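Just below is one structure, and these are the notes that go with it.
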Amino acid sequence: RVPMIGRMAAAGKTIADLEKALVDRLKSIILEPDVHVSLVERNTIPVTVTGAVKNPGVQSIKGRMTLVQALSAAGGYAPDAGYYVRVVRRAQYGPIPIAGAKADASGEFYTAETAVDEVMDGTNPSANMVLQPGDVVNVPQAPIVYVMGETKRTGGFSVAHKNPQVSVLQAVAMAEGITDLAAPQKALILRPVPGGTRQSIEVDLKAVLAGQAEDIRMNADDILFVPNNRSLPKTIAKQVAQAAAAIAVGVAVFRSGRR
């Protein structure tokens with residue numbers, strides 16, 4: 001509370017910002033107001049950081065806390081971090097000062113998203129926003145594509161960039177190429193469809209590798225399966241079903257562990 005002008009909100013302001021706000025309010029009363037603000041005590045700001053960070057949980061810092069400070073206090077990004085950061089703020093603290101911020105349907109919260117690289121490399125200084133008490137910072141896990149069968153590496157590969165798609169060639173490169181036992185002309189993409197099943201898409205990987213066929217785009221959670229060149233059609237079908245089942249179990253266990 002300030003004499004003559006009453007209560008003024010100081011939360012989220014720097015000392016210079018607060019001095020200017022006080023001067024502006026006092027101009028209607030005093031001809032040339034001269035205001036000096038001193039910081040007596042710093043309050044602890046609790047911010048929750050969740051998702052793909054090394055040490056998720058509540059982070060407390062005295063004084064102003066920026067988005068970069070909160071992420072650093074949480075140990076930084078985990079290897080499977082996605083390409084954007086989401087911030088959720090109670091409406092009582094006002095809109096989030098970043099392009100694209102919006103209120104939710106209830107009107108009680110604001111949400112905003114910004115690219116990971118813009119936050120950490122400083123290309124967009126406004127992305128390193130000052131956080132408010134109770135803000136929730138979430139770093140979603142990156143989308144994953146899977147490569148199974150006759151490749152030098154198998155498993156899930158994170159796609160941590162703005163376009164959550166990779167091509168078949170990029171997926172093969174992440175798997176370090178195919179083995180000598182591969183039948184690349186019989187490769188398949190197993191794509192999730194509603195109902196919990198997968199659609200099989202034939203891919204002539206041999207022609208793709210030779211530049212003679214389109215390099216098909218893969219979506220998040222797609223499986224690229226490269227069969228063995230000695231496998232019979234029935235065996236390939238069985239291997240495809242086993243690969244899809246293995247991925248389904250692995251994803252369920254992984255996601256349950258992320259909660």
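In this text, all values refer to a predicted model and were calculated from it rather than measured experimentally.
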Going through the distances and angles, do Val49 and Leu71 end up as a side-chain contact (heavy atoms from CB on, under 4.5 Å)? CA-CA 7 Å; Val49 184; Leu71 292 169; 4.3 Å; yes

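- For the atom pair Arg217 CZ and Gln170 CD, the distance stands at 5.5 Å (nearest 0.5 Å).
- For Thr154 against Gly149, the heavy-atom pair with the smallest separation is CG2-O, 3.5 Å.
- Without hydrogens or angle criteria, Asp215 side chain to Leu169 main chain gives a donor-acceptor distance under 3.5 Å.
- Side-chain atoms of Arg86 do not come within 3.5 Å of backbone N or O of Glu113 as any donor-acceptor pair.
- Side-chain contact between Thr66 and Leu131: absent, with no pair of heavy atoms (C-beta onward) separated by less than 4.5 Å.
- The minimum heavy-atom distance linking Arg90 with Pro133 is given by the pair NH1-O, 3.7 Å.
- Partner of Val58 under the side chain to side chain contact (heavy atoms under 4.5 Å, CB included) criterion, chosen from Thr50, Val47, Val136, Thr48: Thr48.
- Between the side chain of Asn128 and the backbone N or O of Pro125 there is no donor-acceptor pair closer than 3.5 Å.
- The two residues Ala52 and Pro140 come nearest to each other via the heavy atoms CB-O, 4.1 Å.
- Counting non-hydrogen atoms of neighbouring residues, nucleotides and ligands closer than 6.0 angstrom, the CD atom of Glu202 reaches no more than 12 such neighbours.
- In this structure, the side chains of Val85 and Val137 come closer than 4.5 Å at one or more pairs of heavy atoms.
- Annotation: side chain of Ile189 is in contact with side chain of Leu224 (closest heavy-atom distance under 4.5 Å).
- Counting heavy atoms from C-beta on, the side chains of Ser158 and Pro79 never come closer than 4.5 Å.
- Distance check: Thr197 OG1 to Leu190 CG gives 11.0 Å after rounding to the nearest 0.5 Å.
- No path of Ile, Leu, Val, Met, Phe, Trp and Tyr side chains, each step under 4.5 Å between heavy atoms, connects Met65 with Tyr93, placing them in separate hydrophobic clusters.
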Using the rule given for side-chain contact (heavy atoms from CB on, under 4.5 Å), can you reason through Glu214 versus Val208, listing the C-alpha separation, both sets of side-chain angles and the distance that settles it, and then say yes or no? CA-CA 6 Å; Glu214 179 187 358; Val208 174; over 6 Å; no

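- Put simply, the side chain of Asp135 gets close to the backbone of Gln132: a donor and an acceptor are under 3.5 Å apart.
- Between Gln59 and Ala73, the shortest heavy-atom contact is OE1-O, 3.3 Å.
- Using a 4.5 Å heavy-atom cutoff, the side chains of Arg25 and Lys20 are not in contact.
- The two atoms that bring Ala171 and Met218 nearest to each other are CB-SD, 3.6 Å, heavy atoms only.
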Taking it one step at a time, do Asp221 and Val145 satisfy side-chain contact (heavy atoms from CB on, under 4.5 Å)? CA-CA 5 Å; Asp221 293 330; Val145 295; over 6 Å; no

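- Considering CE of Met129 and CG of Leu67, their distance stands at 5.5 Å, rounded to 0.5 Å.
- Between the side chain of Asn219 and the main chain of Asp222, no donor-acceptor pair closer than 3.5 Å is present.
- Under the 4.5 Å side-chain heavy-atom criterion for grouping Ile, Leu, Val, Met, Phe, Trp and Tyr, Val37 is connected to Ile29 within one hydrophobic cluster.
- Looking at heavy atoms from C-beta onward, Val87 lies out of side-chain contact with Thr111 at the 4.5 angstrom threshold.
- Put simply, CZ on Arg89 and OH on Tyr110 are 10.5 Å apart, with the number rounded to the nearest 0.5 Å.
- For the pair Val139 and Tyr77, the minimum side-chain heavy-atom distance is below 4.5 Å.
- If you take CD on Glu19 and CG on Asp34, they are separated by 9.0 Å, rounding to the nearest 0.5 Å.
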Show, in sequence, the C-alpha distance, side-chain angles and deciding distance for Phe157 and Val147, and conclude whether the side-chain contact (heavy atoms from CB on, under 4.5 Å) test is met. CA-CA 8 Å; Phe157 298 91; Val147 183; 3.9 Å; yes

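- Hydrophobic clustering (ILVMFWY, side-chain heavy atoms < 4.5 Å, transitive): Val88 and Val53 are in distinct clusters.
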Just distance, no hydrogens or angles: give the donor-acceptor pairs under 3.5 Å from side chains in residues 172-188, sequence neighbours left out.
from, atom 1, to, atom 2, distance (Å)
Thr179, OG1, Glu150, OE1, 2.7
Thr179, OG1, Leu181, N, 3.3

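- Expressed to the nearest 0.5 Å, how far CG of Leu22 lies from NZ of Lys27 amounts to 12.0 Å.
- Of all the heavy atoms in Ser60 and Pro46, the pair that sits closest is OG-CA, 4.1 Å.
- In terms of hydrophobic clustering, with Ile, Leu, Val, Met, Phe, Trp and Tyr side chains grouped at heavy-atom distances under 4.5 Å, Phe109 and Tyr84 are assigned to different clusters.
- Inter-residue side-chain proximity for Gln199 and Ile201 is flagged as met; some heavy-atom pair is nearer than 4.5 Å.
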